Protein chains: 2
Amino acid sequence: MQIQSLHPSSSHVSAPATHSDPVVRSLLANARPCAVSFYKPNEAIYAHGDTSGPLYLVEFGTVRVCRLTADGRRQISTFHFAGEVFGFEPGGEHLNYAESVDSTGIRLLRPNSDAGLGESALTIALRTMARIQDHLLLLGRMNAAEKMAVFIIDLHDRQDADRFIDLSMQRSDIADYLGLTFETVSRVLKAFKDAKLIRLPMLSQIEVLDWTGLRCLAE
Amino acid sequence: MQIQSLHPSSSHVSAPATHSDPVVRSLLANARPCAVSFYKPNEAIYAHGDTSGPLYLVEFGTVRVCRLTADGRRQISTFHFAGEVFGFEPGGEHLNYAESVDSTGIRLLRPNSDAGLGESALTIALRTMARIQDHLLLLGRMNAAEKMAVFIIDLHDRQDADRFIDLSMQRSDIADYLGLTFETVSRVLKAFKDAKLIRLPMLSQIEVLDWTGLRCLAE
DNA sequence: CGACCAATTGAATTGATTCAAGGTCCGTGG
DNA sequence: CCACGGACCTTGAATCAATTCAATTGGTCG
């Protein structure tokens, strides 16, 4: 992991997210400015057991936040994309670990006063919580096809891309997010393709052909 | 639902939780005092779509917080017991609904200043979030026996009861919490009984006979 | 071009569900 | 006190969705 200089001329990464979200902007206003760290794919951002405290803002790229069972089974709690904030943990230690999925830029947010990051931190934490609660319903009560449909629609809603949805993560990441095996992910994508719900122009791109059909599956 | 008077002499409910948790006490200090509402089993505390804002403190009893799919499948996000705070939601509307499981007393917590409930609200929200993230791992990556073992141990840790664990909720609630059917819950309990891990002196009580064996299952 | 990793596909297996039948607990009323 | 009814729970048998295991294909990069 390298620390990027804040000086623009030395930066060779793509433009940072615009942070159009007012809550994120307010959080930035309460934070000390920090450099953007650049991560190659599959690098650790923080580990299980690390001291928690600062928050992390995704400038570009994708992050996965995960937890493991004692025998190594992995569950991905959330993916985070450009403009999203993560790193919330109670107590002093990270119970989850976070890694870059692809080439990712992360800005550290440290509170610049004793007052902490204020109300905006709570707001963003509650949003994250709502997202996770949605995911409980998905993991506990949906079948493979429904899970996949929800996942594709969610990806589309969070990317501003219109036509093609970018799959920055590989099949096994999707599997560990949806509580499936990577073989099942592959099979469901094939079934969607055969049902003319989607097209897969590349391994890492989805084009939705039938939004109605897909939304119907996702309820 | 009846509103209990704050006057002790008119109260016929069991003694309220002592709120030994300093964070909950600090939250109470920032809240306007409110009466305790008494709920019979299976009454609505708030509904999907209700305006959110106030927090709720369980004085006694058990609460379930749930979400439904469009076709009526239910996932219970969390159970809450005496001394626990719930009701966190982003935005203005409840995405979940909350109900009493058994006879339950709830104290409403409304902020008494414009500053809101302060840091303690964030602390408790983060705790809730950590609990939910644990539950993602359970729902996504554990089998029925492991889920049940984790559930029993968690119940024990959250109740101060030593010998007998009280199952205030019925089998279908446990099923909707663990992402199983109630038949499977019943079968797993039977298997635990046959394996001499537990005893079921009553329908709603568990006695753990082999903590090591149970913990081993739960990892 | 070959090597390697990821993804696909097939066949067999299995864990959990579904459907169906009993059994148990508990309150109510004769 | 006991019989009755209904809700909850247990148990069994058949089914099915998803996994496991095993090839094979495809894509990417030196």
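All values derive from a computational prediction rather than experimental measurement.
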* Nearest-Å distance for atom pair CG/C1', residues A:D173 and C:dA6 -> 12 Å
* Asked: Heavy atoms, side chains only, cut-off 4.5 Å: are B:D21 and B:R127 in contact?
  -> yes
* Spacing of A:R73 atom CZ relative to C:dG15 atom C1', expressed in whole Å -> 13 Å
* Asked: Does a side chain donor of either B:R64 or B:N96 reach within less than 3.5 Å of an acceptor in the other side chain?
  -> no
* To do: Report yes if the side chains of B:T62 and B:H80 come closer than 4.5 Å at any heavy-atom pair, otherwise no.
  => no
* To do: Could you tell me the separation between the CZ atom of A:R171 and the P atom of C:dT9, rounded to a whole number of Å?
  => 11 Å
* **Atom-pair distance (CG on A:D176; P on C:dA6), nearest Å** => 13 Å
* **Qualifying residues under side-chain hydrogen bond (donor to acceptor under 3.5 Å, both in side chains), relative to B:S186, sequence neighbours excluded** => none
* To do: When you get a sec, tell me which of C:dG10, C:dA7, C:dT17 is the closest nucleotide to the side chain of B:R187?
  => C:dT17
* B:R67 with A:D134: basic N within carboxylate O range, under 4.0 Å -> yes
* Return the value, rounded to whole Å, for the distance between atom CG of B:L203 and atom P of D:dC8. => 12 Å
* Give me the ring orientation class for B:Y56 and B:Y46: parallel if the planes are under 30° apart, tilted from 30 to 60°, perpendicular past 60°. => tilted
* Asked: Which ones in residues 179-186 of chain B lie close to DNA chain C, meaning a heavy atom under 4.0 Å from one of its atoms?
  -> B:G179, B:L180, B:T181, B:E183, B:T184
* Asked: Can you tell if the side chain of B:E89 reaches within under 4.5 Å of the side chain of B:L95, non-hydrogen atoms only?
  -> yes
* Whether A:Y177 and A:H135 hold their rings parallel, tilted or perpendicular, with breakpoints at 30° and 60° -> parallel
* **Any residue of residues 140-152 of chain A with a heavy atom less than 4.0 Å from an atom of DNA chain D** => A:N143, A:A144
* Asked: Can you check the A:K190 NZ to C:dT8 P distance for me, whole Å?
  -> 10 Å
* Once you round it to whole Å, what is the distance between P of C:dA7 and CD of A:Q205? -> 15 Å
* Side-chain heavy-atom pair A:V63, A:V101 within 4.5 angstrom cut-off -> no
* **Between C:dG15 (C1') and B:L178 (CG): distance, integer Å** => 16 Å
